[in-house]
Amino acid sequence: MTVSHYTLFDIPSGKAPSVTWTPNPWKTRLLLNFKGLDHQTQWSMKVEYPDIKPTLESHVAPNEKGMPYSIPTIASPDGTYVMDSRKIANYIESKHPLPSLHLDSVYLEKVERLWSQYMGAIMPIFLPRVPKQVLNQESVPYWNKTREEWIGMSLDQLSQEKGGEKAWNQAEPILREVTALLKENEGPFFLGDTPSYADLTWGSIILFHQALGQDVFDEALKRGGDAQVHLDLLKAIQPWV
């Protein structure tokens with residue numbers, strides 16, 4: 001049977017109906033919408049964290065670093081599977097070059113670096129919160145076990161020792177650097193009036209903060225030094241949300 005659409009494999013939230021919540025799948029969902037590509041989300045089988053490997057391992061080679069199998073993954077209409085949000089962006093851009101993602105933008109390189117630094121800085125905030133705030137119960141034991149193995153302590157201990165004000169103080173200069181980048185071309189996008197993958201990348205974090213709770217969302221906006229530029233970006237990407 002010929003398939004005419006892309007399939008996006010995503011992790012469901014504990015809310016009904018299921019919604020995207022974590023940043024990397026947000027990048028891919030925003031990308032597919034930005035490109036105007038017909039796609040469906042693999043919610044029907046409820047791809048919970050323990051299900052990711054058995055769902056994907058017969059279709060795609062494992063990641064070289066990190067978790068062997070991860071979300072997001074897409075299945076293209078020709079049956080090709082691509083895993084990892086950046087690899088997906090490269091693949092989609094090669095197949096559907098317009099509208100352009102501007103993957104060669106110097107802003108994308110900077111934003112991807114800041115994205116990684118920021119996610120590392122707020123890890124003591126979001127790792128303990130995700131199983132309480134977002135996940136379905138099927139994924140909670142897997143999340144807690146794997147994350148505690150990575151960091152070498154319980155998530156409660158991580159929150160107590162490295163979370164809160166300590167984490168936000170580490171995150172603040174990163175947020176302010178992103179704010180400065182958004183102002184360089186007077187927004188709402190990093191390239192001014194031209195949307196690019198850099199916007200979808202940083203937008204994924206803003207949307208993630210909304211899923212984590214209003215207090216996290218508000219604190220991030222405050223720490224960034226100028227909440228309005230991030231709110232303007234969030235508004236500008238709404239057509240693809």
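Residue numbers count from 1 along this sequence.
- Rounding to the nearest 0.5 angstrom, the gap separating the CE atom in Met123 from the CD1 atom in Ile125 is 11.5 Å.
- Contact record, Leu200 with Leu30: O-CD1, 3.6 Å, taken as the closest heavy-atom pair.
- Judged purely by atom type and a 3.5 angstrom limit, Ser139 uses its side chain to pair as donor or acceptor with the backbone of Tyr49.
- Within a 6.0 Å sphere centred on CD of Glu186, heavy atoms belonging to other residues, nucleotides or ligands number 12 at most.
- Judged purely by distance below 3.5 Å, without hydrogens or angles, the side chains of Asp10 and Thr41 never pair a donor atom with an acceptor atom.
- When all heavy atoms of Ala220 and Leu175 are compared, the closest pair comes out as O-CD1, 3.5 Å.
- Glu219 contributes atom CD, which lies 7.0 Å from atom CD of Glu165 (distance to the nearest 0.5 angstrom).
- Annotation: Lys110, atom NZ; neighbour count of heavy atoms from other residues, nucleotides and ligands within 6.0 Å is above 12.
- Between the side chain of Thr146 and the main chain of Tyr142, a donor-acceptor pair closer than 3.5 Å is present.
- A salt bridge links Glu172 with Arg176; the closest basic N to acidic carboxylate O contact falls under 4.0 Å.
- To the nearest 0.5 angstrom, Ile237 atom CD1 is 6.0 Å from Ile206 atom CD1.
- Salt bridge Arg86/Glu112: present, at least one basic N to carboxylate O contact under 4.0 Å.
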Trace of the side chain to side chain donor-acceptor pair (under 3.5 Å) decision for Tyr107 with Asn185: CA-CA 11 Å; Tyr107 284 92; Asn185 295 307; 3.0 Å; yes
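- Surrounding CD of Glu64 are at most 12 heavy atoms belonging to other residues, nucleotides or ligands under 6.0 Å away.
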Test side-chain contact (heavy atoms from CB on, under 4.5 Å) applied to Trp143 and Leu127, step by step: CA-CA 9 Å; Trp143 176 276; Leu127 281 185; 3.5 Å; yes
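- Within a 6.0 Å sphere centred on CD of Glu57, heavy atoms belonging to other residues, nucleotides or ligands number more than 12.
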Trace of the side chain to side chain donor-acceptor pair (under 3.5 Å) decision for Asn169 with Arg223: CA-CA 8 Å; Asn169 286 343; Arg223 296 280 183 155; 2.8 Å; yes
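- No side-chain heavy atom of Leu31 sits under 4.5 Å from any side-chain heavy atom of Trp240.
- A donor-acceptor pair under 3.5 Å is formed between the side chain of Gln238 and the backbone N or O of Leu234.
- Put simply, the side chain of Leu155 reaches to within 4.5 Å of the side chain of Asn144, judged on heavy atoms.
- Residues Tyr81 and Ile74 have side chains not in contact (no heavy-atom distance under 4.5 Å, counting atoms from C-beta outward).
- Judged by the 6.0 Å and 45° rule, Lys27 forms a cation-pi pair with Trp115.
- You'll find the side chain of Ile88 reaches within 4.5 Å of the side chain of Pro72, heavy atoms only.
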Worked check of side-chain contact (heavy atoms from CB on, under 4.5 Å) between Thr55 and Tyr69: CA-CA 9 Å; Thr55 299; Tyr69 297 93; over 6 Å; no
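- At least one side-chain heavy atom of Ile122 sits less than 4.5 Å from a side-chain heavy atom of His209.
- The ring of Trp202 has its center closer than 6.0 angstrom to the ring center of Tyr118.
- Classification of Asp84 and Lys65 as a salt-bridged pair fails, no side-chain N sitting under 4.0 Å from a carboxylate O.
- Under the 4.0 Å criterion applied to side-chain N and carboxylate O atoms, Lys132 and Asp156 are assigned as salt-bridge partners.
- Put simply, the side chain of Leu207 reaches to within 4.5 Å of the side chain of Gln210, judged on heavy atoms.
- Test Phe34, Tyr6, Tyr91 against His96 for ring pair (Phe, Tyr, Trp, His ring centres under 6.0 Å) and you get one pass: Tyr6.
- Heavy-atom minimum distance, Ser85 versus Tyr197: O-OH, 3.5 Å.
- No side-chain N or O of Arg129 forms a donor-acceptor pair with one of Ser159 less than 3.5 Å apart.
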side-chain contact (heavy atoms from CB on, under 4.5 Å) between Ile52 and Ser70, worked out: CA-CA 7 Å; Ile52 294 174; Ser70 59; 5.5 Å; no
Stepwise side chain to side chain donor-acceptor pair (under 3.5 Å) test for Glu48 and Asn136: CA-CA 8 Å; Glu48 299 289 346; Asn136 284 309; 2.9 Å; yes
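- Note: Asp226 CG to Leu182 CG = 9.5 Å, rounded to the nearest 0.5 Å.
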Worked check of side-chain contact (heavy atoms from CB on, under 4.5 Å) between Val241 and Trp26: CA-CA 9 Å; Val241 175; Trp26 260 126; 3.6 Å; yes
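- When all heavy atoms of Lys35 and Pro99 are compared, the closest pair comes out as NZ-O, 2.6 Å.
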CA sep, side-chain torsions, deciding dist, call: His230, Thr179, side chain to side chain donor-acceptor pair (under 3.5 Å): CA-CA 7 Å; His230 298 272; Thr179 298; 2.8 Å; yes
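- To the nearest 0.5 Å, the span separating CD1 on Ile174 from CE on Met119 amounts to 11.5 Å.
- Between Lys235 and Asp232 the shortest side-chain heavy-atom distance does not fall below 4.5 Å.
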Derivation of the salt bridge (Lys or Arg N to Asp or Glu O under 4.0 Å) call for Glu149 and Lys145: CA-CA 6 Å; Glu149 288 175 352; Lys145 180 178 184 294; 2.7 Å; yes
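- The aromatic ring centres of Phe126 and Phe208 sit less than 6.0 Å apart.
- Applying the 6.0 Å contact sphere to CG of Asp193 captures no more than 12 heavy atoms from other residues, nucleotides or ligands.
- Between the side chain of Lys166 and the main chain of Glu161, a donor-acceptor pair closer than 3.5 Å is present.
- Put simply, the side chain of Met67 reaches to within 4.5 Å of the side chain of Trp150, judged on heavy atoms.
- Contact record, Gly203 with Leu233: N-CD2, 4.4 Å, taken as the closest heavy-atom pair.
- The shortest heavy-atom contact between Pro23 and Ser204 is O-CB, 3.2 Å.
- Rounded to the nearest 0.5 angstrom, Ser196 OG and Leu101 CG are separated by 8.0 Å.
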